[in-house]
Amino acid sequence: MKTTSVIIAGAMTAALAGPVAAQTEIEWWHAMGGSLGETVNKIATEFNASQSDYVITPVFKGSYEETLTAGIAAFRAGEQPNILQVFDAGAATVIGAKGATIPVQDLLVDNGIAFDIEDYISGVRYFYADSDGKMIGMPFNSSSPIMYFNVDALEAAGVTAPITWEEFQDVTAPALLEAGYVPLSQSHMPWIFTENFFSRHNLPFASANNGYDSADVTINMDAPEIRDHFEAFKGWIDNGYAGFYGASWDDNATPFQQGEVGMWLGSSGSFGGLQQTAEFEFSATYLPYWESITTEPTQTFIGGAALFAMSGQPEEENKATAEFFRFLTSPETQYMWHKETGYVPITEAAYDVAKEDGHYDRFPAAEVGIQQLSLPAGEWTRGYRMGFYVQVRDVMNREYTRYLTGDTSLEDAFAAIKEESDELLARFAQTQN
Amino acid sequence: MKRAAFSQPLMPVALLLPQLVIIAVFFYWPAWEAIYSSFFLQDPFGFGSNFVGANNYTRLATSSEYAKVAGFTVFFTVIVTVLSLGTALLLAVKADKVVRGAKTYRTLLMWVYAIAPPVAGFLGALLFDQNIGPITDLFAFFGYNLQIGLNYNDTAFAMIVVSVWKQIPVNFIFLLSGLQSIPVAVREAALIDNKSGTRRFWDITFPLLAPTAFFLLIINITYALFDTFGVIDIMVKGNPASNPITLVYKVYTDGFRGSDLGGSSAQSVVLMVLVLALTVMQFRMLERRIHYT
């Protein structure tokens, strides 16, 4: 299916472009399956049709992890694609390997394309940047964790979506439970309840400036705030205020889509899919925060992935990559991507186009992600940079699940996360020299 | 008697060479690479590497998590081997006695053999799904809340069921043909000696079946250790968390998902040693008790 659509996209391109001799061909490896993949192919087809000098071929490489692994293996064999999509947790790996990629900022400037980091919405500017603020990876499918709610459920319970976790546990959850719903579920504990917990409350997530300044970094999983949060979460599960269905994304999302769970913490990028599957009216709001920790909540990190220009390619192919990035960041392309998928538009200009077109009048929930990413920034909200982070997330998922199912204590779970994560980070530091 | 010999000394070498090259390139070279990189920590993209001595090994030895995974692997392997061999043996003995419609019956029992492990895992994942799985509903009917992906024991249970189910047909085919190759004369002679079917089975049939069973034992242990990867991968949905996993799956999560090449190389060397030890042990301990003629 996927291969077919790539071939069709390629064939259409060939037909549209005609037999021009000096076309530069570039390859783009991505992890966007299903309907997202269709949209990726659409972007490529439109780029190929928009000019006659370059041809881009998108190739689906599986999950985020598989795509990164494929990119690494290809790079080591000297067969790397021009563009590789790398997800948030893999950022330290690809950015740490200096020489594996061309910083996107340099690539654009060197090829005569205007670049101003201020054009990008504030939440996406620095996540894939180095410690000096130079953009290394081009944010592509950018999302943020937001709270979706079943409008009928909240109406039946006679409450509104909670702004703080205090409101949730004192008002919203009891009312929803009374109305016959499981009040809350969430789909990604490391991303939603850990990384963005630190960001939303403007707390330092790791030493060395959240890891941006050095690979010699330790994680702040011994912060009392995060422990309190998980203790509260367990309390909610125990008294029926929250449902917990394991570490799988879908197992936690399905009960919400089936109307059993009233509110669900997912990705702003889930919007497109929810519109197709949910048979009830739903809307969304910001990720709640603890008033006891801060009264000035800040913006969240972007999730999703970025596009990296791999090094070791001929000049004219780099030029083609730069031209593709110019096309990709144009307001029209960004708006199309945003509308079809729910991922946020990454530039202010694209956001304006969406607003002018009345997209948010039709779908108010579609704006929540970008609004949340545009909330006031704080000292600790630009992002985090930690190596072997995929394994750190695995450790978190493992210990959180053990704690929440009663297999281990709060203290032991957090001690294990802290100890194992720091060991992984120290190991990663040893690979960087 | 005339000895057959090559007139040119290089001829046998030349004839052996293709085989030797294949073994060297596909077995010894990768094995050497794994051993070599297990002493380093390297940047995933290959820009730098640091010699860390036996650090990648000592960390495995001291990791309680690794010990837990190893423990589950042993448990899983034993259970899957015993259950799939036992069930298949029972089915084969019963199928051997079927007279009418024997072929249809046997074909039906072999069907599952054609299913690839990931597909089997996928079917299992659907059947056991927390929200929509029919087996989950069945358990709920009897008052048990089956939660695959969340409850460690439930997930282990589902993995074992699917892995065993997938392996039974292979064992069945081999055991059935093993049974049918036992001469009728021997069986009839046994029938005169003893009326008890159970007794005849254990005294006559089973020892004659032993060569087949021994071969299957090795095949099944290897299956449980390595080939169940697809089943496990689908069952944990790419997110192991607190779910049970086997050593092979851990090599994958650390090496492929986590880009820790040194650490996962050390783990694969441990597996190599394990397989070597198992093979030597099996042949030494068991081979002597089995008579092939």
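Labels below follow one simple rule: chain letters A, B, ... track the order of the sequence lines, proteins then strands, and each chain is numbered from 1. Here the structure is a predicted model, which means the values were calculated and not measured.
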B/Asp254, part contacting chain A, at a heavy-atom distance under 4.5 Å: both
Which atoms of A/Glu260 approach chain B - backbone, side chain, both or neither, heavy atom under 4.5 Å: neither
Parallel, tilted or perpendicular: rings of B/Phe47 and A/Phe75 (30°, 60°): tilted
Residue A/Val392 versus chain B: region with a heavy atom under 4.5 Å: neither
Distance-only donor-acceptor check, side chains B/Asn131 and A/Gln258, under 3.5 Å: no
Residue part contacting chain A, namely of B/Asp129, when any heavy atom lies under 4.5 Å: side chain
Chain A contact via B/Tyr252 - side chain, backbone, both or neither, heavy atoms under 4.5 Å: side chain
Contacting region of A/Thr405 [heavy-atom separation from chain B under 4.5 Å]: side chain
Check: A/Gln391 side chain, B/Gly258 main-chain N or O, donor-acceptor pair, under 3.5 Å: yes
Under-4.0 Å salt bridge between B/Arg59 and A/Glu423: yes
Which atoms of B/Val236 approach chain A - backbone, side chain, both or neither, heavy atom under 4.5 Å: neither
Side-chain heavy atoms of B/Ser259 within contact of A/Thr69, under 4.5 Å: no
Minimum side-chain heavy-atom gap A/Arg427-B/Asn55 below 4.5 Å: yes
Pairs of heavy atoms under 4.5 Å with chain B: top-ranked of A/Ala416, A/Gly71, A/Gly246: A/Gly246
Close side-chain approach of A/Met310 and B/Phe45, heavy atoms under 4.5 Å: yes
Contacting region of B/Leu261 [heavy-atom separation from chain A under 4.5 Å]: side chain
Donor-acceptor contact below 3.5 Å, side chain B/Asn50 vs main chain A/Thr431: no
Which atoms of A/Leu424 approach chain B - backbone, side chain, both or neither, heavy atom under 4.5 Å: side chain
Chain A interface, residue from B/Leu150, B/Thr253, B/Asn243 that has the most non-hydrogen pairs under 4.5 Å: B/Leu150
Part of A/Phe244 within contact of chain B (heavy atom distance under 4.5 Å): both
B/Asn239-A/Arg398 side chain donor-acceptor pair, cut-off 3.5 Å: no
Any donor-acceptor N/O pair, A/Thr401 side chain to B/Ser242 backbone, under 3.5 Å: no
